[in-house]
Amino acid sequence: MAKHAKHARNDNEEPNVALEFVDTAQGASEDPTSSSVAPDRHDAHTTHRKASRRMRIVLIVVSIVLVLLMAALCYFAWMLINEARDVAYQSAMQTAQVDSSASAPTADAGKGSTTRKEAPQLVGLIGKTQDEAIDAVGRGATETSSKEITEETGEGDEKTTEVVGHSVTLALTDETTDSKGNTPSVYLVLDADGFITEAGYSASVGSLGYGDVSFVDAVTSEHIVENLVEMAGIKVETGSVEMPSTEDYRTYADDGKTIAQELYTFAGSGAASDGSSYEWSCKLSYDYSAANVSGNLADTIRQVYVYVKAAS
């Protein structure tokens, strides 16, 4: 009986050993699975963080670029607005300063001047000699320069240079010199025999009594061209001279906006009081170089030139 009992205890212990083995095997079989899952989760988390960081960097860079672009656009817009304002101010000043006969500037027209000065009667000089022209013009006319007018004839070794005339400048010393030092002058072109074939006259717009009138108003309102041609001795209808296109008489500085010069030569033909036909030209020149430097439109050099010659 005792042996049987011992045998029974051994039979009861064996299942426990087997169960323990099974538990151990199951535990061992689970370890590889758990160790393979953990690294995959870690790698996925790391990849997500790197992608998020790259996205944040990209967004930051894009934001900075957009801010810089907006700042640049604002700067250029501000510069354009300032330039447009300066040009508008200059144009407004140039067109707004219209001289009235009661307020002619003292620098160019003389203190208290309210009348227009007469230009010489140029038609009457055609056909005269230089001395006769000096007497006819008066006003302290004094020769300041004289140049030969030459013409080449022949070819090769037979080419010769022939004097065919002279060009003479007479300063009208009795006339008022403007604030820029410009003295009214008469220009004569003489042929080889010493007779005048063309005569001209120049003066500042201010010294003629027009003051600081703008280029456009000098032509359209003050009729400076018609007035000077009439004084020169050729009949011309007031208001017959028209303004050219802006691009034909106005030039700009390097910035393309600041007016540098307004210059145009008007031309035509007409008859003198004796019925003789003449050709005339009148050049109006406004130089803004000094005015653009000083910022004062009074420094503008305003000159006018009128010429007459017998019609060909």
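Looking at Tyr187 and Glu198, their side chains never bring a donor and an acceptor atom within 3.5 Å of each other. A donor-acceptor pair shorter than 3.5 Å cannot be found between the side chains of Thr161 and Thr150. Side-chain contact check for Asp299 and Ser294: at least one donor-acceptor pair (N or O, by modelled atom type) lies under 3.5 Å.
A donor-acceptor pair is defined here as one N or O able to donate and one able to accept, closer than 3.5 Å; no such pair exists between the side chain of Glu237 and the backbone of Ser240. In this structure, Thr173 contributes its side chain and Gly140 its backbone to a donor-acceptor pair below 3.5 Å. Side chain of Thr251 to backbone of Ala260: no donor-acceptor contact under 3.5 angstrom is found. A donor-acceptor contact shorter than 3.5 Å links the side chain of Thr129 to the backbone of Glu132. Between the side chain of Asp191 and the main chain of Phe195, a donor-acceptor pair closer than 3.5 Å is present. Formation of a donor-acceptor pair under 3.5 Å by the Gln130 side chain with backbone atoms of Gly194 is not found in this model. Judged purely by atom type and a 3.5 angstrom limit, Ser185 uses its side chain to pair as donor or acceptor with the backbone of Thr183. Under a 3.5 Å cut-off, the side chain of Ser276 and the backbone N or O of Ala272 do not form any donor-acceptor pair.
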Applying side chain to side chain contact (heavy atoms under 4.5 Å, CB included) to Ile224 and Phe266, what does each step give before you reach the verdict? CA-CA 11 Å; Ile224 188 171; Phe266 303 87; over 6 Å; no

The test is side-chain hydrogen bond (donor to acceptor under 3.5 Å, both in side chains); show your working for Ser281 and Thr265 and say whether it passes. CA-CA 7 Å; Ser281 65; Thr265 300; over 6 Å; no

Please assess Tyr278 against Val229 for the test side chain to side chain contact (heavy atoms under 4.5 Å, CB included), listing each intermediate value before the final yes or no. CA-CA 11 Å; Tyr278 291 89; Val229 174; over 6 Å; no

CA sep, side-chain torsions, deciding dist, call: Val241, His223, side chain to side chain contact (heavy atoms under 4.5 Å, CB included): CA-CA 8 Å; Val241 173; His223 304 292; over 6 Å; no

Go through Thr220 and Asp217 one step at a time and tell me if the side chain to side chain contact (heavy atoms under 4.5 Å, CB included) criterion holds. CA-CA 5 Å; Thr220 60; Asp217 287 339; 4.2 Å; yes

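Placement of Ile149 and Val186 in two distinct hydrophobic clusters is found when ILVMFWY residues are connected by side-chain heavy-atom separations under 4.5 Å, directly or transitively. Cluster annotation: Tyr288 is connected to Tyr264 through the hydrophobic network of ILVMFWY side chains, with a link wherever side-chain heavy atoms come within less than 4.5 Å. In the hydrophobic clustering of ILVMFWY residues, with side-chain heavy atoms under 4.5 Å counting as a link, Val164 and Ile126 come out apart. In this structure, Leu263 is not a member of the same hydrophobic cluster as Val216, with clusters built from ILVMFWY side-chain heavy atoms closer than 4.5 Å. Residues Leu297 and Ile259 share a single hydrophobic cluster, defined by chaining ILVMFWY side chains whose heavy atoms lie under 4.5 Å apart.
When all heavy atoms of Ala141 and Leu172 are compared, the pair lying nearest together is CB-CD2, 3.9 Å. Leu188 and Ala199 make their closest contact through CD2-CB, 4.2 Å (heavy atoms, listed as atom of the first residue, atom of the second, distance). Counting all heavy atoms, side chain and backbone alike, Val163 lies closest to Glu148 at CG2-OE1, 3.5 Å. Nearest heavy atoms, Thr144 versus Ala171: CG2-CB, 3.5 Å. Closest approach of Ser214 to Tyr286, counting heavy atoms only: O-OH, 3.6 Å. Listed here is the closest heavy atom pair of Pro120 and Arg139: N-NH2, 3.8 Å.
Separation of atoms OH (Tyr252) and CZ (Arg250) is listed at 4.5 Å; rounding is to 0.5 Å. Between atom CD of residue Gln261 and atom CG of residue Asn292 there is a gap of 11.5 Å, rounded to the nearest 0.5 Å. The distance from the CD atom of Glu143 to the CD1 atom of Ile134 is 6.5 Å, given to the nearest 0.5 Å. Taking NZ of Lys309 as the reference point, atom CD1 of Ile196 lies at 15.0 Å (rounded to 0.5 Å). Here the OG-CD1 distance, from Ser52 to Ile57, works out to 11.0 Å after rounding to the nearest 0.5 Å. The CD atom of Glu230 lies 9.0 Å from the NZ atom of Lys235; values are rounded to the nearest 0.5 Å.
The environment of Asp254 atom CG is sparse: at most 12 non-hydrogen atoms of other residues, nucleotides or ligands sit within 6.0 angstrom.
The side-chain heavy atoms of Val205 and Leu284, taken from C-beta on, include a pair separated by under 4.5 Å. The side-chain heavy atoms of Asp212 and Thr300, taken from C-beta on, include no pair separated by under 4.5 Å. Asn227 places a side-chain heavy atom less than 4.5 Å from the side chain of Tyr210.
Just one of Leu66, Ile64, Leu59 meets the side chain to side chain contact (heavy atoms under 4.5 Å, CB included) condition when paired with Val62; it is Leu66.
Below 30°, between 30° and 60°, or above 60°: for Tyr305 and Tyr307 the angle between ring planes is below 30°, a parallel geometry.
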